[in-house]
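Right, one structure below, let's go through it.
Only heavy atoms go into these numbers, but all of them, side chains included; no hydrogens, no water, no symmetry mates. Just so it is clear: chains get the letters A, B, ... in the order the sequence lines come, proteins before strands, and each one is counted from 1.
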Amino acid sequence: MIFIRTFLLFLIFFSSNSLLSQLRIEIRSGLEEPLRIAVVPIEWSIESPPNHYVHEVIKKDLELFGEFKVIDPEVMLSLPVNLEEVFYRDWRLLDIDYLVIGSAKALGDLEVSLDYFIIDIAREKIIHKAIISGSLISIKRIAHNISDKIYEKISGLSGIFSTRIAYVDKPYKSLDRYDLRITDIDGDNDLSLFSSEQPILSPAWSPSGQELAYVSFEEGTSRIYIQELATGTRRPLKREEGINSSPSWSPDGRYIAAVLSKGDNPDIYIYDLRQNSWKQLTSHYGIDTEPDWSESGNSLIFTSNRSGSPQIYEINIKSKRIKRKTFEGTYNARARYLSNGKKIIYIHRKKGVFHVALQDLRSGKLRILTDTLLDESPSVSPNGNVIIYATKDGDRDVLAGVTLNSQTKFTLPSASGGAREPSWSPKID
Amino acid sequence: MTLFQEFLVLAAIICSFSGCTSTSIESAGDATVISADAASSYSEVGMASATTVSFSYDNYNIDAMGSKKIRELANIIKSNDLSVRVEGHCDERGTREYNLALGEKRANAVAELLIINGVSRAQINTVSYGEEKPTSQGSNESSWSENRRAVIKTF
C-alpha cells in the first residue's frame with residue numbers, strides 16, 4: 001500500500017502539472033466602476049500554511065465576471081487580522097466598499113478552521129461573520145465558499161464560485177475526437193469524463209450535480225447515457241429507433257425529458273429512471289425538441305416548428321396544455337428557464353444572425369444579450385445571473401458569457417480551439 | 001484516500017502497461033473524476049459506395065439532381081442486394097438538437113425516395129448527425145452548402 005500511495009502522489013503531481021487548464025475567463029467588457037473590495041491576507045497560526053493563498057483565490061473569484069475590483073495587499077495601509085485592528089479611515093482613503101479579514105488555525109493534523117468577517121466600510125458595520133472548517137487539502141474549496149458568501153452578502157444573489165461547467169471539446173479541425181469535459185468555473189481541474197471517435201452532445205447535469213446525462217454516437221447512432229462523476233460508471237437509457245437526444249432532468253432527479261423520433265418525427269418523451277421506460281408527452285407531425293424542465297417540475301419548454309418556423313412552446317405536464325411563448329422573428333430555439341420559470345433565454349435569429357435573447361414570460365418582452373454571431377447552447381448559472389453559451393471566433397468554436405444585465409461580456413478561450421455546448425452545474429456544496 | 005480509490009489507481013496503472021481499454025483517474029486537489037472511453041466505436045468496414053445529395057438551407061426537399069442520383073443508386077442497390085445507411089447532415093447555423101431533427105428529416109426524405117424506387121425498407125438504416133460532422137470547417141456560404149447533405153452509404 002505504501003508503494004501505491006507513493007505512486008498516487010506521483011500521479012497527482014504529474015497530472016496537476018500537465019493539467020494545463022483549458023478554459024479561462026477573459027473579460028471583454030465589464031462594469032465601469034465595479035465595487036471595490038479589500039481582502040486582507042489570512043493570518044495562519046499553523047506550521048506550514050497551504051500553498052493556495054486564500055485571499056488570492058477570493059480575488060480571482062470575485063473578479064471573474066468583472067463585477068468587483070479586489071485591491072492588492074501591497075497598496076493596503078494596514079493589514080488587520082481582528083476587528084480591533086480595523087481603522088475605517090484606512091479603507092475610505094482607498095475607496096473600499098467592503099473589507100474582508102480573517103485568521104486560520106489548525107484543528108488536528110489536516111483540518112483547519114477559518115474565522116472571517118465581511119465589513120461594510122460606508123456603514124461601519126459587520127455584515128457577516130463566520131467560522132468555516134475543512135481539510136487543508138481542500139483549502140481552495142473553503143476559499144470559494146468564502147467568495148460565495150461575500151458575493152451573496154453584497155449582491156443578494158447566491159455565489160457561483162463552487163460550480164463547474166461541463167462542455168464538449170472537439171479540437172480545432174480534428175475529425176474524430178470528441179471529449180466530454182468538466183472544469184471548475186475558475187478554469188482549474190479541467191478533466192475529461194468521456195472520449196469517443198463519434199459525436200458527443202447535450203451534456204445535462206443531474207440536480208444533485210453528481211451525474212451527467214449526454215448523447216453519444218459511439219454505437220453509430222444517437223443514444224442517451226448517464227455517467228456518474230465519482231466512479232465513471234456509465235449506463236445507457238433504453239434506446240429507441242431514430243433520434244435519442246436532448247436530455248433534461250426533472251428537478252427531483254427521477255425523470256429525464258428527452259427527444260425520440262422513433263424513425264419518424266421527433267417528439268418529447270419522459271423517461272422514468274426507476275422503471276426504465278419511456279412515456280410520450282408531445283405528439284405532432286412537426287419537429288418537437290430541446291426540452292427544459294421548469295424548477296417547479298410542472299412544466300417544460302421546448303422548440304417546435306409546428307407553426308412553420310421553430311418557436312418556443314411551454315407544456316403543462318399534467319394537463320398537456322401547450323402554449324406558444326415566442327412570436328418575434330422566424331427562428332427561436334433551445335430555450336432554458338431562469339428566475340423560477342419567470343424568464344427564459346433562447347437562441348433568436350435576427351437578420352440572419354443567431355444571438356442569445358432573454359424574454360420575460362409575463363410581459364413577452366425580448367432583449368438580445370449578445371453581440372456575437374452564430375450563438376448556440378446557452379446555459380444559466382445556478383443563481384440566474386450569468387449565461388455561458390457557445391459561439392464562433394472565426395471558424396473556431398469558443399465559449400463566451402454575459403451577465404443578465406449585459407454589463408459584463410467575456411470569452412473562455414480554449415487551448416484546443418474546439419469548446420462547445422457548455423452546461424452549468426447546479427450549486428455543489 | 002480510500003482503499004477503493006487506491007484499487008482504481010492500481011487498475012489504471014496496470015491498464016497503462018497492458019494497453020486495455022482505459023479507465024483513468026485524474027485527481028486534482030479534492031476533485032476526483034474517473035474518465036471512460038467509448039468501448040465500441042462504429043466502423044465503416046465493408047462500405048461499397050457513398051453518394052452525396054445536397055439540400056438548401058433549413059429544408060429537406062430533394063431537388064431534381066438529387067432525385068436522379070437516388071433513382072440510379074436504387075437500381076444498383078436492388079440488383080446487388082446491398083444494405084443502405086443514410087446519414088443526414090446540416091450546416092452549423094441554428095441549434096444543435098434542432099439540427100439533429102432537421103438532419104433526420106433529410107435522411108428520411110432520401111430513404112422514402114429509395115423505397116419509392118423499389119428498395120425494401122428493411123435494407124435501409126437512417127441516422128442523423130445534425131451539424132456534428134461537417135465536411136468543410138469554414139463559417140461561410142460555400143462550407144455551409146457543402147455540409148447540408150445526406151450521404152447514402154451502401155454495404
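Annotation: A:Leu110, atom CG; neighbour count of heavy atoms from other residues, nucleotides and ligands within 6.0 Å does not exceed 12. Applying the 6.0 Å contact sphere to OH of A:Tyr225 captures more than 12 heavy atoms from other residues, nucleotides or ligands.
With a threshold of 4.5 angstrom between heavy atoms, A:Leu175 approaches chain B through side-chain atoms but not through N, CA, C or O. A:Tyr172 does not touch chain B: none of its heavy atoms, backbone or side chain, sits under 4.5 Å away. Only the side chain of A:Gln227 comes within less than 4.5 Å of a heavy atom in chain B; its backbone stays farther off. Looking at A:Arg396, neither its backbone nor its side chain comes within 4.5 Å of chain B, counting heavy atoms on both sides. With a threshold of 4.5 angstrom between heavy atoms, A:Thr221 approaches chain B through its backbone and through its side chain. For chain B, the nearby parts of A:Ile243 are the backbone and the side chain; heavy atoms of each come within less than 4.5 Å. No part of A:Asp176 comes within reach of chain B, as not one of its non-hydrogen atoms sits under 4.5 angstrom from that chain. Looking at B:Glu44, there are no atoms closer than 4.5 Å to chain A (heavy atoms on both sides), in backbone or side chain.
Considering all non-hydrogen atoms of both residues, B:Glu104 and A:Gly242 come closest at OE2-CA, 3.4 Å. For A:Ser246 against B:Glu97, the heavy-atom pair with the smallest separation is OG-CG, 2.8 Å. Considering all non-hydrogen atoms of both residues, A:Arg349 and B:Tyr57 come closest at NH1-OH, 2.9 Å.
Taking 4.0 Å as the cut-off between side-chain N and carboxylate O, A:Glu290 and B:Arg96 do not count as a salt-bridged pair.
Between the B:Asp37 side chain and the A:Phe194 main chain, no donor and acceptor come within less than 3.5 Å of each other.
In this structure, OG in A:Ser261 is found 7.0 Å from CG in B:Asn108, a value given to the nearest 0.5 Å. Atoms CG and OG, from B:Leu100 and A:Ser202 in turn, are 7.5 Å apart once rounded to the nearest 0.5 Å. Between the CG atom of B:Leu102 and the OG1 atom of A:Thr289 there is a distance of 11.0 Å, given to the nearest 0.5 Å.
Among residues 125-150 of chain B, the residues having any heavy atom closer than 4.5 Å to a heavy atom of chain A are, in sequence order, B:Val127, B:Ser128, B:Tyr129, B:Glu131, B:Glu132, B:Lys133, B:Pro134, B:Gln137, B:Gly138, B:Ser139, B:Trp144.
For the pair A:Phe354/B:Thr95, no side-chain contact is recorded, criterion being any heavy-atom separation below 4.5 Å from C-beta on. Taking the side chain as every heavy atom from C-beta outward, A:Lys392 and B:Glu92 approach each other to under 4.5 Å. Side chains of A:Ile287 and B:Tyr98 form a contact here, defined as non-hydrogen atoms less than 4.5 Å apart.
For the set A:Gly232, A:Ser216, A:Ser195, A:Ser245, the count of heavy-atom pairs under 4.5 angstrom toward chain B peaks at A:Ser195. Comparing A:Pro310, A:Ala333, A:Ala390, A:Pro266 by heavy-atom pairs within less than 4.5 Å of chain B, the highest count is held by A:Pro310.
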